[in-house]
Amino acid sequence: MTTTTSRGGVAIDCGHLVRDDRVHTSLYKDPAIFDQELDRIFRNTWVWVAHESDVPKANTFKTSWVGDQPVIVTRDKTDTIHVLLNRCRHRAASVCEKKKGKTSVFVCPYHGWSYGVDGALRKVPHVSGYQSEPEKAELSLVSLRVETYGGMIFATFKDDIEPLVDFLGPAKKWIDLFMKQGAGFGVKTLGEHKFRFPGNWKIQLENTTDAYHFPIVHKTFLDSLDEETENIFDVLGHGGWVENLGNGHSVMVMIPDLIDLEDNLDAPIPDRFADLAAELVAEGHDDATVRKVVRAVGGTGFNLNLFPNVACSMAFFRVLRPVTVDETEITHVAIGMDEGPVAGNRMRLRLHEHFQGPMGFGTPDDAEGWERVQRGAAAGDDLWIMVNRGVDAPEGVAEAGHDAGDVSAETGMRAAYQQWKRMMTA
């Protein structure tokens, strides 16, 4: 028996393409599988679209994506957040092309239909020309289901899906820890940059839970650090681990001492932050605040992968968007302290630029690796991608009952691919 996808193609039986320790190379390069992923994954689960600080006040908005579908994230006058399909209900033109901003109305540039920030159709020009007047209540912008956790906004096309808190499950603990980077001031986005690489989206999904590559790919980054900082980034040498958190989510702990940023605040301030600490003192901040800010600026010691499209990665959000089977858009979102010290947020941006920035020491090397994986996937047809690495995690670090491996384990990849298999065969 065959089934069809929402795009009209014949559904592929994907169950045999994911095994316990490997996945088939066709997952990187088969356009039919890619189309099926958009239907069965990105239109059937919670997808991250923005952070609440991106729409801080009434009538603010940000454009985003759910899979391949453009959306507008808005906050209305009642403080309610909406996620709306960016498509006029008349002739399908997009109603917003700005990245973010403030407005009380979206006006289609083609025929002038206008909509409120809640999506409601407000006005249709020259309405008398219609054989029957359009029913405004039936022609609002399509609104997706929206829920938030820890300031992170998720949307879904699926009305009967489980609540977001259930989908996140044990990942909520790690989101809470990640948000301590606000140092008591709260977290806000500081800016973002986007780029595309010629490769499948799952190649990047794997990367954020892969510590094995770090000392090899990022040698240039490590060489750019002072000795004290280089030791901190010895990610394979601090007893870290990778833990399966369910529903395709995972956490990779690289620096266990930096899991909870409120722990051990009496520790000596690292030399690289000495000038920042002195500036904060000069601004009149007390010792406790200085230590919290300095600790927050350095970021957390873990990467949290949230299936299918976002990672809370040490000190930034990494968001992936599938464009085609062999093209993916990546957005790196720098985060900082909401109304926190200017000096602290300035340092956050400098550290972000050092590694994640387009001229940084980290991301360009990562992107070359992703591109090479896609290129190499063209060599041979009936071949497999290995995700079988990993010995047991250090004793007592993972939650009871959770699958976990050492920090270089491919536990997180296996977790994501098993979720991929469940959704693609449901």
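Just so we're clear, the structure is a prediction, and the values are computed from it rather than from any experiment.
- Scanning both residues, Tyr115 and Arg89, for their nearest heavy atoms gives OH-N, 3.0 Å.
- By the neighbour-count criterion of 12 heavy atoms within 6.0 Å, atom OH of Tyr149 is densely surrounded, having more than that number from other residues, nucleotides or ligands.
- A salt bridge links Glu192 with Lys62: the closest approach of a Lys/Arg side-chain nitrogen to an acidic carboxylate oxygen falls below 4.0 angstrom.
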Can you list the steps and then say if Val323 with Arg196 is a side chain to side chain contact (heavy atoms under 4.5 Å, CB included)? CA-CA 9 Å; Val323 180; Arg196 295 187 181 191; 3.6 Å; yes
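- Judged by a 6.0 Å distance limit and a 45° cone about the ring axis, Arg145 is not positioned over the six-membered ring of Phe157.
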Gln181 vs Arg348, test: side chain to side chain contact (heavy atoms under 4.5 Å, CB included). Steps then yes/no. CA-CA 10 Å; Gln181 291 178 75; Arg348 285 302 296 263; 2.8 Å; yes
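- The 12-atom threshold is not exceeded at CE of Met359, counting heavy atoms of other residues, nucleotides or ligands nearer than 6.0 Å.
- Of all the heavy atoms in His213 and Asp366, the pair that sits closest is NE2-OD1, 3.3 Å.
- Contact record, Ile41 with Pro308: CG2-CB, 4.0 Å, taken as the closest heavy-atom pair.
- Ion pairing between Glu399 and Lys173 holds under the 4.0 Å rule for side-chain N and carboxylate O.
- The two residues Asn44 and Ile161 come nearest to each other via the heavy atoms O-CD1, 3.8 Å.
- The existence of a salt bridge linking Asp223 and Lys219 is confirmed by a sub-4.0 Å separation between a basic side-chain nitrogen and an acidic carboxylate oxygen.
- A salt bridge links Asp260 and Lys180; the closest N-O separation between the charged side-chain nitrogens and carboxylate oxygens is under 4.0 Å.
- Between Ser408 and Leu236, the shortest heavy-atom contact is CB-CD2, 4.1 Å.
- Just one residue in the list Thr156, Asn309, Leu144 forms a side-chain contact (heavy atoms from CB on, under 4.5 Å) with Val66, and that residue is Leu144.
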List the steps, then state whether side chain to side chain contact (heavy atoms under 4.5 Å, CB included) holds for His111 with Arg91. CA-CA 9 Å; His111 299 97; Arg91 295 272 290 280; 3.7 Å; yes
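- Using a cut-off of 4.0 Å between Lys/Arg side-chain N and Asp/Glu carboxylate O, Glu371 and Arg375 are scored as salt-bridged.
- Expressed to the nearest 0.5 Å, how far CD1 of Ile81 lies from CD of Glu147 amounts to 11.5 Å.
- Between the side chains of Glu368 and Trp370, not a single donor N or O lies within less than 3.5 Å of an accepting N or O.
- Heavy-atom contacts from other residues, nucleotides or ligands closer than 6.0 Å to NZ of Lys123 number 12 or fewer.
- The aromatic ring centroids of Phe355 and Phe221 lie less than 6.0 Å from each other.
- No close placement of the Tyr110 and His90 rings is indicated, their centers lying 6.0 Å or farther apart.
- With His249 as the fixed residue, the ring pair (Phe, Tyr, Trp, His ring centres under 6.0 Å) test singles out one of Trp46, Trp174, Phe167: Phe167.
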Check the pair Arg318 / Asn207 against side-chain hydrogen bond (donor to acceptor under 3.5 Å, both in side chains), numbers first and verdict last. CA-CA 11 Å; Arg318 174 182 273 170; Asn207 175 263; 3.0 Å; yes
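- A donor atom on one side chain and an acceptor atom on the other are found under 3.5 Å apart for Asp76 and His82.
- For the residue pair Tyr417 / Asp21, no side-chain donor-acceptor distance below 3.5 Å is found, with atom types taken as modelled.
- Smallest separation of non-hydrogen atoms from Pro56 and Ser53: CD-O, 3.4 Å.
- For the atom pair CG (Asn86) and CD (Glu97), the distance works out to 6.5 Å, reported to the nearest 0.5 Å.
- From Gln69, atom CD reaches atom CZ of Phe42 across 12.0 Å, with rounding to the nearest 0.5 Å.
- Defined by atom type and a distance below 3.5 Å, a donor-acceptor pair is missing between the side-chain atoms of Thr208 and Asn303.
- Counting heavy atoms from C-beta outward, Met314 and Met254 have side chains that approach closer than 4.5 Å.
- Between Lys202 and Glu37 there is a salt bridge, since at least one side-chain N of the basic residue sits less than 4.0 Å from a carboxylate O of the acidic one.
- Proximity of the aromatic rings of Phe317 and Trp48 is defined here by a centroid distance below 6.0 angstrom, and this criterion is met.
- Between His402 and Leu245 there is a side-chain heavy-atom pair separated by less than 4.5 Å.
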Hey, mind stepping through Trp420 and Gln418 against side-chain hydrogen bond (donor to acceptor under 3.5 Å, both in side chains) and telling me if it holds? CA-CA 5 Å; Trp420 183 95; Gln418 289 304 318; over 6 Å; no
Apply the test ring pair (Phe, Tyr, Trp, His ring centres under 6.0 Å) to residues Phe361 and His354: give CA-CA distance (whole Å), side-chain angles for both, the deciding distance (0.1 Å), then the verdict. CA-CA 6 Å; Phe361 285 90; His354 188 157; 5.1 Å; yes
Test log, rule side chain to side chain contact (heavy atoms under 4.5 Å, CB included), inputs Val105 and Arg122: CA-CA 9 Å; Val105 64; Arg122 287 190 175 182; 4.0 Å; yes
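- Looking at Lys100 and Asp54, a side-chain N of the basic residue comes within less than 4.0 Å of a carboxylate O on the acidic one, giving a salt bridge.
- Remark: side-chain polar atoms of Asp406 are not paired, donor with acceptor, to backbone N or O of Asp392 under 3.5 angstrom.
- Residue pairs meeting the ring-ring contact (aromatic ring centres under 6.0 Å, His included) criterion with at least one partner in residues 324-345, sequence neighbours excluded, are His193-His332, Phe195-His332, Phe316-His332.
- Between Thr45 and Val47 there is a side-chain heavy-atom pair separated by less than 4.5 Å.
- Glu410 has no carboxylate O lying under 4.0 Å from a charged side-chain N of Arg389, or vice versa, which leaves the two without a salt bridge.
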Check against side-chain hydrogen bond (donor to acceptor under 3.5 Å, both in side chains), His238 and Asp257: CA-CA 9 Å; His238 286 295; Asp257 287 344; 5.8 Å; no
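- His16 has its ring centre no less than 6.0 Å from the ring centre of His24.
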CA sep, side-chain torsions, deciding dist, call: Glu327, Trp201, side-chain hydrogen bond (donor to acceptor under 3.5 Å, both in side chains): CA-CA 7 Å; Glu327 185 174 19; Trp201 65 278; over 6 Å; no
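- Paired with His51 under the rule side-chain contact (heavy atoms from CB on, under 4.5 Å), one option of Val187, Ile335, Val310, Val333 passes, and it is Val187.
- Going from atom CG of Leu320 over to atom CG of Asn305 covers 8.5 Å, rounded to the nearest 0.5 Å.
- Of the residues listed (Ile259, Thr300, Val242), the one engaging Val253 in a side-chain contact (heavy atoms from CB on, under 4.5 Å) is Ile259, and it is the only one.
- Annotation: Arg87, atom CZ; neighbour count of heavy atoms from other residues, nucleotides and ligands within 6.0 Å does not exceed 12.
- Rounded to the nearest 0.5 angstrom, Ile72 CD1 and Lys98 NZ are separated by 12.5 Å.
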